[in-house]
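This report refers to the structure that appears directly beneath it.
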2 protein chains.
Amino acid sequence: MSLRYALLALLTSRPMTGYDLSKHFSQSVAHVWYAPDSQIYPELNRMERDGLVDSETVPWGPKGTKKEYRITDAGTAAFQEWINEPLVIRRQRDPAYLKSAYLEWADPDAARAQLRQHLEYWSGHLQLLKESRQSLIDHTHPTLQYRLKKFPEEEHDRIVRYKVFAYDGLIDNASAEVRWARKGLALIDELEGEST
Amino acid sequence: MSLRYALLALLTSRPMTGYDLSKHFSQSVAHVWYAPDSQIYPELNRMERDGLVDSETVPWGPKGTKKEYRITDAGTAAFQEWINEPLVIRRQRDPAYLKSAYLEWADPDAARAQLRQHLEYWSGHLQLLKESRQSLIDHTHPTLQYRLKKFPEEEHDRIVRYKVFAYDGLIDNASAEVRWARKGLALIDELEGEST
DNA sequence: CGTCACTACCTATGGAGATAGGGAGTCCCG
DNA sequence: CGGGACTCCCTATCTCCATAGGTAGTGACG
């Protein structure tokens with residue numbers, strides 16, 4: 001059910017089409033949550049049925065139209081209720097760690113390739129997270145700008161600091177992954193001899 | 001499909017019943033992978049159908065029987081093939097971070113309760129991880145003992161070090177979560193005033 | 001006027017995972 | 001010998017999520 005609230009969260013900043021939301025989920029917000037459009041469109045329909053969002057059909061070009069979704073009061077209330085609810089603890093289940101616990105069965109070069117892959121993915125991710133964090137701090141983050149307009153100036157610092165806090169956690173996690181992969185590569189070199 | 005390989009991984013140490021495997025998944029191995037028995041039993045049946053495991057019905061008490069699963073050569077081969085395959089990168093998707101990015105909408109006490117919950121969960125988890133890591137190092141880890149018996153002495157250090165490496169990564173992650181939760185609690189105190 | 005990247009919206013399908021049960025046997029303790 | 005905790009095996013159901021498609025309009029470029 002988190003997808004629903006992730007959508008509501010985005011819609012608290014401004015009205016958007018399903019396509020806009022989908023873009024966000026595969027770009028900036030993807031650090032916090034991700035969903036393909038095949039999940040988003042049906043969910044938006046359900047949310048409209050449940051009265052959490054309103055849709056307005058707006059013209060787009062000579063013949064086309066698009067549906068812009070706007071959060072309703074009921075939607076805002078539902079979002080706020082969710083944010084105050086106790087956490088649902090998610091078991092973390094990463095195949096990378098499962099594999100790493102049995103690396104003695106692996107071909108050293110395959111193991112190296114995997115750790116390099118892990119390193120590459122998390123380094124890139126870390127870079128993006130750092131850039132997003134910075135764009136929050138200097139208020140160049142696009143969604144943040146829409147969001148801040150809805151709040152008085154004296155609230156801005158508070159809003160930004162919570163978001164930076166979230167990114168700090170994500171950055172710490174990503175850094176740990178990068179460190180871990182590097183350590184693994186060194187370990188393989190030590191136990192199996194230098195790479196070929 | 002990771003469940004299948006997690007099961008094979010455990011069965012490389014010794015034959016087990018579905019119940020044994022289920023116990024492992026909710027106890028020691030739960031740090032790396034988790035599955036409820038409702039997933040395990042059907043998967044074992046499919047694995048037997050696919051020839052990755054053999055089952056032997058052994059008597060248990062006067063009337064009862066139990067089915068002990070043993071990995072086959074085909075199973076070992078499949079496991080090894082999997083371990084050498086490139087990683088399937090998993091997007092991390094933790095509702096705790098989604099919520100934390102919108103904490104300005106939350107009631108401060110609810111936010112505090114959530115972070116305390118996060119802190120408690122990860123502190124406990126961290127403790128368990130550290131204990132498991134130690135039991136690997138001093139060879140008191142139960143599954144490890146079975147596993148080492150199957151390998152010559154000179155391999156033991158290598159096997160243990162890979163497992164410790166996996167745990168080191170998990171411990172680093174859990175530590176990051178603990179740090180993050182503490183930082184969040186301090187942030188709320190700073191922004192909203194001390195807790196009531 | 002064609003084509004190409006992009007915007008916009010949607011469906012089908014299947015696997016994974018969580019939750020919630022059921023039913024039968026064992027073993028020990030009081 | 002009865003009750004309770006535990007062992008053992010299994011099914012049903014529902015949500016989530018990923019993958020892989022499909023259709024139609026837009027706007028810019030050559």
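We name chains A, B, ... by the order of the sequence lines, and we start the count at 1 in each one. Please read all numbers here as calculations on a predicted model, not as lab measurements.
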Exercise for the section: Just do the side-chain hydrogen bond (donor to acceptor under 3.5 Å, both in side chains) check on Lys23(A) and Tyr19(A) with the steps written out, would you? Expected result: CA-CA 6 Å; Lys23(A) 282 277 116 137; Tyr19(A) 190 77; 3.2 Å; yes
Practice task
Give a yes/no on whether any side-chain N or O of Arg93(B) is located under 4.0 angstrom from OP1 or OP2 of dA18(D).
Solution key: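 Yes, because at least one side-chain N or O of Arg93(B) sits under 4.0 Å from OP1 or OP2 of dA18(D).
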Handout entry: Cationic N near anionic O, under 4.0 Å, Glu104(A) to Lys163(B)
Key =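 Answer for the salt bridge query: yes.
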Practice task
Output yes when Glu190(B) and Arg161(A) qualify as a salt bridge under the 4.0 Å nitrogen-oxygen rule, no when they do not.
Solution key: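 Yes, this pair counts.
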Whole-Å distance between [N] [atom2] and [X] [atom1]?
| X | N | atom1 | atom2 | value |
| --- | --- | --- | --- | --- |
| Leu3(B) | dG15(C) | CG | P | 14 Å |
| Glu43(A) | dC17(D) | CD | P | 10 Å |
| Leu44(A) | dA8(C) | CG | P | 13 Å |
| Asp94(A) | dG17(C) | CG | P | 12 Å |
| Tyr69(B) | dC8(D) | OH | C1' | 11 Å |
| Met47(A) | dT15(D) | CE | C1' | 16 Å |
| Lys67(B) | dG25(C) | NZ | P | 17 Å |
| Lys66(B) | dA24(C) | NZ | C1' | 16 Å |

Practice task
For Ser2(A) and for Tyr41(B), find the nucleotide of DNA chain D with the closest heavy atom, then tell me which residue's nucleotide is more 5'.
Solution key: Tyr41(B)
Handout entry: Between Thr17(B) and Asp20(B): side-chain donor-acceptor atoms closer than 3.5 Å
Key = yes
Problem - Strand contacts (DNA chain D) in residues 18-26 of chain B, 4.0 angstrom heavy-atom criterion - result: Gly18(B), Tyr19(B), Asp20(B), Lys23(B)
Exercise for the section: Indicate the ring-plane relationship of His118(B) and Trp180(B), choosing parallel, tilted or perpendicular according to the 30° and 60° boundaries. Expected result: perpendicular
Exercise for the section: Using the six-membered ring wherever Trp is involved, compare the ring planes of Tyr102(B) and Phe79(A) and label them parallel, tilted or perpendicular (cut-offs 30° and 60°). Expected result: perpendicular
Exercise for the section: Just grab all the side-chain hydrogen bond (donor to acceptor under 3.5 Å, both in side chains) pairs involving residues 126-136 of chain B, residues at least two apart or on different chains. Expected result: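 Of all non-adjacent pairs touching residues 126-136 of chain B, those that pass side-chain hydrogen bond (donor to acceptor under 3.5 Å, both in side chains) are Gln127(B)-Glu131(B), Arg133(B)-Asp168(B), Gln134(B)-Asp138(B).
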Exercise for the section: Give a yes/no verdict on a cation-pi contact between Lys150(A) and Tyr146(A), requiring under 6.0 Å between NZ or CZ and the six-membered ring centre and an angle within 45° of the axis. Expected result: no
Fill in the blank from the handout: Nucleotide by nucleotide, nucleotides 19-25 of chain D touches protein heavy atoms under 4.0 Å in the pattern (B base, S sugar-phosphate only, - none) BB----B
Handout entry: For Lys99(B) against Glu85(A), the heavy-atom pair lying closest together
Key = NZ-O, 2.7 Å
